[in-house]
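Whatever order the structure lists them in is the order used to number ligands and atoms, beginning at 1.
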Amino acid sequence: MFVEYLDSYADQFEIRPRYHTAVESAIYDRGKNQWVVLVRDMDTSAVARLATQFLVVAAGENSAASIPPVPGLSRFEGEAIHSSAYKSGRAYTGKSVLVVGAGNSGMEIAYDLATHGAHTSIVVRSPVHIMTKELIRYGMTMVQNLGLNVTTVDSLLVMAANFYFGDLSKHGIMRPKMGPLLLKSQTSRSAIIDVGTARLIKGGVIKVFQGISKINTNSVEFHGGRQNSFDATVFATGYKSTVNVWLKNGESTFKDDGFPKKYFPNHWRGENGLYCAGFARRGLASIAMDAKNIANDIVAAMDKMSC
Ligand SMILES: NC(=O)C1=CN([C@@H]2O[C@H](COP(=O)(O)OP(=O)(O)OC[C@H]3O[C@@H](n4cnc5c(N)ncnc54)[C@H](OP(=O)(O)O)[C@@H]3O)[C@@H](O)[C@H]2O)C=CC1
Ligand SMILES: O=C(O)C(=O)Cc1c[nH]c2ccccc12
């Protein structure tokens with residue numbers, strides 16, 4: 001059904017997707033006032049050259065795996081992978097595994113590991129909102145369709161979640177002061193959509209640690225001096241933008257970290273017909289805003305050209 005929706009969307013708007021294609025580079029040709037994009041067909045390895053007046057970068061905030069520098073990580077003798085390389089808990093039955101990072105990836109992976117019989121621990125460094133998918137859906141619907149105030153909806157969500165999950169603070173999981181929807185729209189920090197991890201944490205099946213100090217050959221030292229041995233670690237520590245890897249002269253639009261130079265709400269328009277959608281770190285709502293702003297701007301620019 002979802003694939004049908006995507007196909008009919010492409011039909012309706014006459015979009016011709018180039019599947020299995022990777023952008024190798026995009027360079028602005030100042031003489032011709034156009035972007036030259038080299039793309040590689042991933043099946044045949046053939047390279048094609050595309051030229052365009054407008055280039056919309058929508059390659060994502062979550063593009064490449066990011067593992068933070070942790071003292072001693074290179075000395076660790078067990079397996080250390082990023083969450084993007086994690087497939088299943090099947091290989092970890094009976095092993096002692098540490099998940100670093102308590103975003104949605106870390107929380108889902110910890111659940112999967114524990115249900116496959118791994119001795120599972122998770123590092124939860126900052127406060128997080130544990131929610132259910134129903135609560136998030138109701139919350140978003142109340143704000144979007146009923147026009148209710150975000151702060152009001154946030155307090156309802158926090159009350160309902162506290163009632164549903166009970167007090168998780170004694171297990172090392174604190175709630176942020178700002179409500180879940182406001183937090184998402186201002187900082188892009190997502191609420192956790194719980195898949196059952198909270199119950200396992202409360203039951204003591206999954207252990208929580210507050211922060212990593214140092215990694216040794218077979219063990220990890222945590223804030224507060226606790227130490228534990230592990231066979232494997234999964235770094236569910238998030239992602240980074242990779243725009244600058246292929247965008248060759250977008251310096252006027254993007255910073256070194258691959259995020260736009262200009263701040264919200266002016267971040268989406270770059271220079272020379274370059275735009276970016278989905279880089280505001282403000283969740284789905286701002287991605288829709290970017291798309292509309294960009295489309296209107298391109299239409300206006302084209303109207304001007306044809307005058
Ligand atoms: N089912 C779903 O809807 C799913 C949605 N997603 C979404 O995909 C996006 C990416 O998610 P995800 O891969 O979880 O990445 P996130 O960026 O959301 O989370 C990364 C986590 O790693 C923690 N972290 C980073 N460095 C360290 C460190 N040195 N020590 C301890 N903790 C650290 C961060 O903590 P801190 O906050 O302290 O920096 C943060 O909790 C998010 O928007 C997420 O909501 C992902 C999976 C499933
Ligand atoms: O991106 C947003 O605006 C949202 O808050 C919705 C949302 C999408 N995926 C999620 C995963 C966890 C929590 C909220 C979301």
Side-chain angles (χ1 to χ4, degrees), residues 2 58-74 76 80-89 97-113 120-140 157 161 168 172-178 180-198 201 206-215 220-224 226 228 230 233-242 257-259 277-288:
F2 183 60
E61 296 172 357
N62 297 306
S63 181
S66 165
I67 296 185
V70 181
L73 175 55
S74 59
F76 187 64
I81 58 166
H82 184 261
S83 55
S84 54
Y86 180 90
K87 294 280 181 268
S88 154
V97 187
L98 176 67
V99 178
V100 184
N104 274 297
S105 299
M107 289 296 210
E108 288 191 10
I109 288 171
Y111 177 83
D112 190 61
L113 286 166
T120 309
S121 302
I122 186 165
V123 177
V124 185
R125 178 169 69 175
S126 312
V128 283
H129 280 294
I130 311 284
M131 291 277 145
T132 67
K133 70 171 185 291
E134 289 79 13
L135 282 175
I136 290 292
R137 187 162 75 86
Y138 291 143
M140 289 173 84
L157 292 183
L168 293 167
I173 298 190
M174 308 299 179
R175 253 185 215 291
K177 289 198 181 73
M178 198 185 278
L181 299 184
L182 196 61
L183 196 67
K184 178 77 195 188
S185 70
Q186 298 210 337
T187 69
S188 101
R189 299 175 67 85
S190 294
I192 303 305
I193 294 186
D194 183 58
V195 292
T197 322
I201 288 174
I206 296 176
K207 272 195 236 139
V208 175
F209 291 96
Q210 308 295 332
I212 291 195
S213 322
K214 184 169 164 242
I215 301 186
V220 177
E221 291 174 31
F222 298 97
H223 292 173
R226 283 204 288 169
N228 215 322
F230 293 101
T233 51
V234 179
F235 283 87
T237 40
Y239 294 82
K240 54 189 178 210
S241 161
T242 55
D257 65 359
F259 278 84
F279 284 91
R281 290 190 162 124
R282 280 160 187 263
L284 296 173
S286 82
I287 299 177

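For ligand 1, none of its N or O atoms has an N or O atom of Ile193 under 3.5 Å away. On a distance-only criterion, Ser190 and ligand 1 share at least one N/O pair closer than 3.5 Å. Considering backbone and side-chain N/O of Ser83, none are found under 3.5 Å from N/O of ligand 1.
Between His82 and Tyr239, a ring centre-to-centre spacing shorter than 6.0 Å is recorded.
Below 4.0 Å from some heavy atom of Ala236 lie the following atoms of ligand 1, by number and element: 20 (C), 21 (C), 22 (O). With ligand atoms numbered from 1 in the order given, ligand 1 contributes 14 (O), 19 (O), 21 (C), 41 (O) to contacts under 4.0 Å with heavy atoms of Gly103. Counting atoms of ligand 1 from 1 in the listed order, those under 4.0 Å from a heavy atom of Asn62 are 9 (C), 10 (C). Numbered from 1 in the order shown, with element, the atoms of ligand 1 that lie under 4.0 Å from a heavy atom of Ser126 read 36 (P), 37 (O), 38 (O). Near Tyr239, meaning under 4.0 Å from any of its heavy atoms, are these atoms of ligand 1: 13 (O). Listed by atom number, the atoms of ligand 1 under 4.0 Å from Gly238 heavy atoms are 15 (O), 17 (O), 20 (C). When each atom of ligand 1 is checked for a heavy atom of Pro68 under 4.0 Å away, the hits are 26 (N), 29 (N). With ligand atoms numbered from 1 in the order given, ligand 1 contributes 36 (P), 37 (O) to contacts under 4.0 Å with heavy atoms of Arg189.
Across the listed options Gly106, Ser105, Gly283, Ser105 owns the non-hydrogen atom lying nearest to atom 12 (P) of ligand 1. For atom 31 (C) of ligand 1, the nearest non-hydrogen atom from the set Glu108, Arg125, Glu61 comes from Arg125.
Tested against Ile122 for a side chain to side chain contact (heavy atoms under 4.5 Å, CB included), the candidates Val234, Val100, Val99 yield a single pass: Val99.
Atoms CZ and CD1, from Phe279 and Ile287 in turn, are 9.5 Å apart once rounded to the nearest 0.5 Å.
There is a side-chain donor-acceptor pair under 3.5 Å between Lys184 and Ser190. Between the side chains of Asp194 and Tyr111, not a single donor N or O lies within less than 3.5 Å of an accepting N or O.
When the ring pair (Phe, Tyr, Trp, His ring centres under 6.0 Å) test is applied to Phe76, no partner is found at least two apart in sequence or on another chain.
Across every non-hydrogen atom of Val208 and Ile201, the tightest pair is CG2-CG2, 3.7 Å.
The aromatic rings of Phe230 and Phe222 stand perpendicular to each other, their planes meeting at an angle above 60°, with 30° marking the opposite boundary.
Other residues, nucleotides and ligands contribute only 12 or fewer heavy atoms inside 6.0 Å of the CZ atom of Arg281.
The part of Ala102 lying near ligand 1 is the backbone, judged by heavy-atom distances below 4.0 Å.
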